[in-house]
Undergrad: 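Pasting in a structure now, in structure tokens, and then I'll have a few things to ask.
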Amino acid sequence: MSASDCLVTETPDVLRAALERADDGVVILDSAHRITHFNTAAERIWKLARADVLGRDAAALSLTCLQADPVVDFRDEISLVRRDGSRIKAAISLASIVAEGAIHLIVFARDVTAEAERRVRIGLLNAVSDQTNRVVIITDTDQDIRYVNSTFTRLFGYTSAQAEGRRAAELIAGSHTNRKAVSKLVERLMHGGRRGEVETLVYDKDGEEIWVCARIDAFRDTKGRVKHFFALLEDITETRQLRSLQQLIMSALADEVPITEIADRLCRRVEQIAPDVVCSLLHVDSAGLVHPLGGPSLPEDYSRALDGIAIGPDVGSCGTAAFYGRPVLAIDLDTDPRWQPYKTRPLQVGLRACWSTPIKAKDGRVIATFAFYFRQSRAPSNWHRRIVDACVDLGAFAIERKEARAEIARLAYHDILTGLPNRAQLRHLITMAIDACPTGGHVALAFLDVDHFKDVNDTLGHAAGDELLVQLAQRLREQIGPEDMLGRLGGDEFVILLPNRNAESAARVAGQITDALSAPLRLGSKPMQMSASIGISLYPDHATDIDTLMQQADAAMYMAKQAGRSTHRLFSAEMNGLAEQRLALIAALRRAPTLYFTISARAPRPLRSDKDRKSR
């Protein structure tokens, strides 16, 4: 048998059978544009029977690309209107062949409607993802990056092309990233566990530190197998880390904590959020002598040796910074001439560099220095500078505590964000209003809760939420009288105290507030629609003690929520029944934890903490 006898001959029957099995629609036109072949897939795409189109003109296919003369090669996605009027997205390509001296045209068609819709959905999801101020990272199960949004590029400096395909840990993790916590969370997700979050340091393209809250979850297929990991990263450098320093110092001052204890707490907290530094706070007295206030990670004998040293132009980093009133950086303690008398002990414990910043009083005097010691010969990062900027102001405030007692009292009894009376001050103000209430008079108490405020924090971030609360407080001030008092309980809840107001007068104020909030607030150049639900209780009609009065206003506010929001409700006796009903249901749930109930009416409950309010 010759080699030629082994060849399989391509017969028309074989080719026709192959075309019939093709997934793509195949249409063959002769030189006169008459349809000579129309396979099964083409019948599905055009919803036309083969017998109805064979021999007919190609115009029956509604393909405008065939109207060009001569027809050129064509490849595109088009919208195709079928015989029954339905419309699909089709990928069309044309090819011409010469057979037996005549030109034939082949039309290849594929229904890509689902694929096109998927691309549109992906495009919309990408657009939404790029609008959020949180970083979105999607990885495969090997933790290789498959997608990042534009916020990732803005925060970390890598383009999507630079990020995709690389391991997330290699790209943004560093020496002080909490890899162990992240790995435990990923391992838990791989074994069917629930999503979780980790607060940790990460690093941008230039090596600068960024504190993030990373919420990590898994995408699973229909069989529950993990296919991808999803991470949502929020930059909490300002909102949590730096603000925590302020809260730490202010609360310590309000509690009359000794200055040495305040300095110790401050240094320890700084070393938590900047784990590559050793922190020191020195007081400079009126005679120009330094005295250690805080430095828990420095050797005790070294701190004692510094006590009583006079500042000067060549007294280490701290003494020199205090003398000149400007920051001083010694990148190498071993060779820096200002450090020669003081370098031995720091070098023994592995400290190689020191950056010190003076702390000044309101009158310009240097009253302290705040120093960072480094274990490498290096300069401070931008993150270190931001910490010091915050701590210098806080240190000055703490050291001048005797001069700032009035300010301390204000911070203890007023909300830091809005400047309004806080929970403790509100109780005092309510007590005074009740005590001053004449016989037959009333005191109205209104609870105001912002509607859907959690959506603002989730979509725009906590900084935008804070700005919105400040603007809301200003608008509320404009709607109450000079004798009325506005306070903030925390989160998105405000209290309005209305002395000498009956139910009708209080309802009128609540209506004015609802109307005033109908005009949108502005976040930068962006208008933001806002509304609130208001609950009102009256002294002495509804209660004669503060706690009950506040609980009743809270309950009425929940009734306003259930009534559709952006409205107000006055407390009524029926609400007590709802409260008892709700408590009974809760008790039943506790006795039978496997049962689930839907509680349709919310009733009075104890006032929530700030943490609880922010979670709503």
Undergrad: Using a strict threshold of under 4.0 Å (side-chain N to carboxylate O), is an ion pair present between Asp492 and Lys454?
TA: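 Here Lys454 does not pair with Asp492 in a salt bridge, since their nearest N and O are not under 4.0 Å apart.
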Undergrad: Walk me through whether Asp142 and Arg167 qualify under salt bridge (charged side-chain N to carboxylate O under 4.0 Å, His left out).
TA: CA-CA 8 Å; Asp142 292 328; Arg167 288 183 68 86; 5.6 Å; no
Undergrad: Between Arg215 and Glu234, is the closest basic N to carboxylate O distance under 4.0 Å?
TA: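 Yes, this pair counts.
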Undergrad: Tell me whether Asp336 is salt-bridged to Arg338, with the criterion being a basic N under 4.0 Å from an acidic carboxylate O.
TA: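 So Asp336 pairs with Arg338 through a salt bridge.
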Undergrad: Please work out which of the three classes, parallel, tilted or perpendicular, describes the rings of Phe152 and Phe156, given edges at 30° and 60°.
TA: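 If you compare the ring of Phe156 with that of Phe152, the planes turn out tilted.
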Undergrad: Please lay out, stage by stage, how His384 and Phe374 fare under the test ring pair (Phe, Tyr, Trp, His ring centres under 6.0 Å).
TA: CA-CA 11 Å; His384 297 145; Phe374 301 100; 5.3 Å; yes
Undergrad: Is there side-chain contact between Leu523 and Gln471, with heavy atoms separated by less than 4.5 Å?
TA: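 Leu523 vs Gln471: side chains touch.
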Undergrad: Quick one: pull up CD in Gln162 and OG1 in Thr159 and give me the separation to the nearest 0.5 Å.
TA: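 The CD atom of Gln162 sits 3.5 Å away from the OG1 atom of Thr159.
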Undergrad: Donor-acceptor pair, Asn149 side chain versus Arg134 backbone, under 3.5 Å?
TA: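 Yes, Asn149 side chain to Arg134 backbone: donor-acceptor pair under 3.5 Å.
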Undergrad: Just wondering, more than 12 heavy atoms not from Arg195 lying within 6.0 Å of its CZ?
TA: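 Open.
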Undergrad: Could you give the distance from CZ (Arg265) to OG (Ser251), rounded to the nearest 0.5 Å?
TA: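 Rounded to the nearest 0.5 Å, the CZ-OG separation comes out at 7.0 Å.
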Undergrad: Please check: side-chain N/O of Arg352 versus main-chain N/O of Leu347, any donor-acceptor pairing under 3.5 Å?
TA: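 Yes, Arg352 side chain to Leu347 backbone: donor-acceptor pair under 3.5 Å.
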Undergrad: Side chain of Lys360, backbone of Gly325: donor and acceptor closer than 3.5 Å?
TA: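 It does hold such a pair.
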Undergrad: Does this structure show an ion pair linking Asp144 with Arg166, if we count only N-O contacts that are shorter than 4.0 Å?
TA: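 A salt bridge is absent here (no side-chain N lies under 4.0 Å from a carboxylate O).
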Undergrad: Are any of the side-chain heavy atoms of Leu472 and Val450 separated by less than 4.5 Å?
TA: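 Side chain of Leu472 against side chain of Val450, heavy atoms only: contact under 4.5 Å found.
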Undergrad: Distance-only, no hydrogens or angles: does the Thr320 side chain make a donor-acceptor pair with backbone N or O of Ser317 under 3.5 Å?
TA: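 No, because the side chain of Thr320 does not come within donor-acceptor range (under 3.5 Å) of the backbone of Ser317.
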Undergrad: Measuring only between side-chain heavy atoms, which start at C-beta, is Lys526 closer than 4.5 Å to Leu460?
TA: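 Yes; the side chains approach each other to less than 4.5 Å.
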Undergrad: Between Asp140 and Arg146, is the closest basic N to carboxylate O distance under 4.0 Å?
TA: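 Salt bridge between Arg146 and Asp140, a charged N being under 4.0 Å from a carboxylate O: yes.
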Undergrad: Do Met250 and Phe397 have side chains that get closer than 4.5 Å, going by heavy atoms?
TA: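 Answer yes - side chains close enough.
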Undergrad: Distance alone, cut at 3.5 Å: any donor-acceptor contact between the side chains of Gln348 and Arg345?
TA: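 Present: a donor and an acceptor within the cut-off.
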Undergrad: Establish, yes or no, whether a centroid distance under 6.0 Å links the rings of His176 and Tyr203.
TA: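 No, ring centres 6.0 Å or more apart.
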Undergrad: Keeping the roles fixed (side chain from Lys343, backbone from Asp334), state whether a donor-acceptor pair exists under 3.5 Å.
TA: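 Checking the backbone N and O of Asp334 against the side chain of Lys343, a donor-acceptor pair under 3.5 Å is found.
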Undergrad: Rounded at 0.5 Å granularity, tell me how far CD1 in Ile210 sits from OG1 in Thr237.
TA: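 Spacing of CD1 (Ile210) from OG1 (Thr237) equals 6.5 Å.
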Undergrad: May I ask you to check whether Asp451 and Ser531 show a side-chain donor-acceptor distance below 3.5 Å?
TA: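 Distance-only check passes for Asp451 and Ser531.
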Undergrad: Just by modelled atom types, is the Ala274 backbone N or O under 3.5 Å from a matching donor or acceptor in the Glu209 side chain?
TA: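 Pair absent, no side-chain N/O of Glu209 close to backbone of Ala274.
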Undergrad: Please name the pair of heavy atoms, one in Asp206 and one in Asp204, separated by the smallest distance, quoted to 0.1 Å.
TA: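 Result for this residue pair: N-OD1, 2.9 Å.
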Undergrad: Treating Ser280 as the side-chain partner and Gly295 as the backbone partner, does any N or O pair qualify as donor plus acceptor under 3.5 Å?
TA: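 Checked: no pair found.
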Undergrad: Any heavy-atom pair between the side chains of Leu171 and Ile145 that's under 4.5 Å?
TA: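 When only atoms from C-beta onward are counted, Leu171 and Ile145 do touch, with a gap below 4.5 Å.
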Undergrad: Spell out, as yes or no, whether a donor-acceptor pair under 3.5 Å connects the side chain of Ser183 to the backbone of Lys180.
TA: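 Here the side-chain-to-backbone pair does not exist.
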Undergrad: With sequence neighbours excluded, tell me which residues meet side chain to side chain donor-acceptor pair (under 3.5 Å) with Gln529.
TA: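 Per chain and number, Gln529 pairs via side chain to side chain donor-acceptor pair (under 3.5 Å) with no residue.
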Undergrad: Does the pair Arg154/Asp235 count as a salt bridge with the N-to-O cut at 4.0 Å?
TA: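 The answer is no: the pair does not qualify as a salt bridge.
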Undergrad: Regarding Arg269 and Ser244, is there a side-chain donor-to-acceptor distance under 3.5 Å anywhere?
TA: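 Yes, because at least one side-chain N or O of Arg269 sits under 3.5 Å from a partner of the opposite role on Ser244.
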Undergrad: Quick check: do Pro327 and Trp355 have side-chain heavy atoms less than 4.5 Å from each other?
TA: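 Side-chain contact under 4.5 Å: yes.
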Undergrad: Rounded to the nearest 0.5 Å, how far apart are NZ of Lys561 and OG of Ser533?
TA: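 Reported to 0.5 Å precision, the distance equals 4.0 Å.
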Undergrad: Mind listing the closest non-hydrogen atom pair of Val349 and Pro299 along with its distance?
TA: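 Shortest heavy-atom separation between Val349 and Pro299 comes out as CG1-CG, 3.7 Å.
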Undergrad: Are more than 12 heavy atoms, taken from residues, nucleotides or ligands other than Gln272, located less than 6.0 Å from that residue's CD atom?
TA: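 Yes.
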Undergrad: Would you give the length of the straight line joining atom CZ of Arg385 to atom CD of Glu208, rounded to the nearest 0.5 angstrom?
TA: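 Nearest 0.5 Å value for the CZ-CD distance: 9.5 Å.
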Undergrad: Please report the closest heavy-atom contact between Ile367 and Ala361, naming both atoms and the distance.
TA: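 Heavy atoms only, the tightest pair is CG2-CB, 3.8 Å.
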Undergrad: Check whether any side-chain N or O of Arg179 sits under 3.5 Å from a backbone N or O of Val182 as a donor-acceptor pair, and report yes or no.
TA: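 Such a contact is absent between Arg179 side chain and Val182 backbone.
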Undergrad: Would you name the heavy atoms of Asp264 and Pro296 that are closest together and state the gap between them?
TA: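 Closest heavy-atom pair between Asp264 and Pro296: OD1-CB, 3.5 Å.
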Undergrad: Of the non-hydrogen atoms in Phe494 and Ala473, which two are nearest, and what is the gap between them?
TA: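 Taking every non-hydrogen atom into account, CE2-CB, 4.1 Å.
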Undergrad: Has Asp23 got more than 12 heavy atoms of other residues, nucleotides or ligands less than 6.0 Å from its CG?
TA: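 For Asp23, atom CG is not crowded (no more than 12 foreign heavy atoms under 6.0 Å).
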Undergrad: Between Trp211 (side chain only) and Ile273 (backbone N and O only), is there a donor and an acceptor less than 3.5 Å apart?
TA: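 Looks like yes, one N/O pair under 3.5 Å.
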Undergrad: Can you name the closest pair of heavy atoms from Ala353 and Gln376 and give their distance?
TA: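 Reported closest heavy-atom pair: CB-O, 3.5 Å.
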Undergrad: As an exercise, state the distance from CG of Leu351 to OG of Ser297, rounded to the nearest 0.5 Å.
TA: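 Rounded to the nearest 0.5 Å, the CG-OG separation comes to 9.5 Å.
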Undergrad: The criterion is side chain to side chain donor-acceptor pair (under 3.5 Å); which residues satisfy it with Ser377, sequence neighbours excluded?
TA: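 Per chain and number, Ser377 pairs via side chain to side chain donor-acceptor pair (under 3.5 Å) with no residue.
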Undergrad: Side-chain contact test, heavy atoms from C-beta onward, threshold under 4.5 Å: evaluate it for Val270 versus Cys391 and give yes or no.
TA: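 Of all side-chain heavy-atom pairs linking Cys391 with Val270, at least one is under 4.5 Å.
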Undergrad: Using the side chain to side chain donor-acceptor pair (under 3.5 Å) criterion, which residues pair with Arg110? Sequence neighbours excluded.
TA: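 Result, side chain to side chain donor-acceptor pair (under 3.5 Å) vs Arg110: none returned.
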Undergrad: Report yes if some heavy atom in the side chain of Ile216 is under 4.5 Å from a heavy atom in the side chain of Phe230; otherwise report no.
TA: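 They are not in contact (no side-chain heavy atoms under 4.5 Å apart), so the answer is no.
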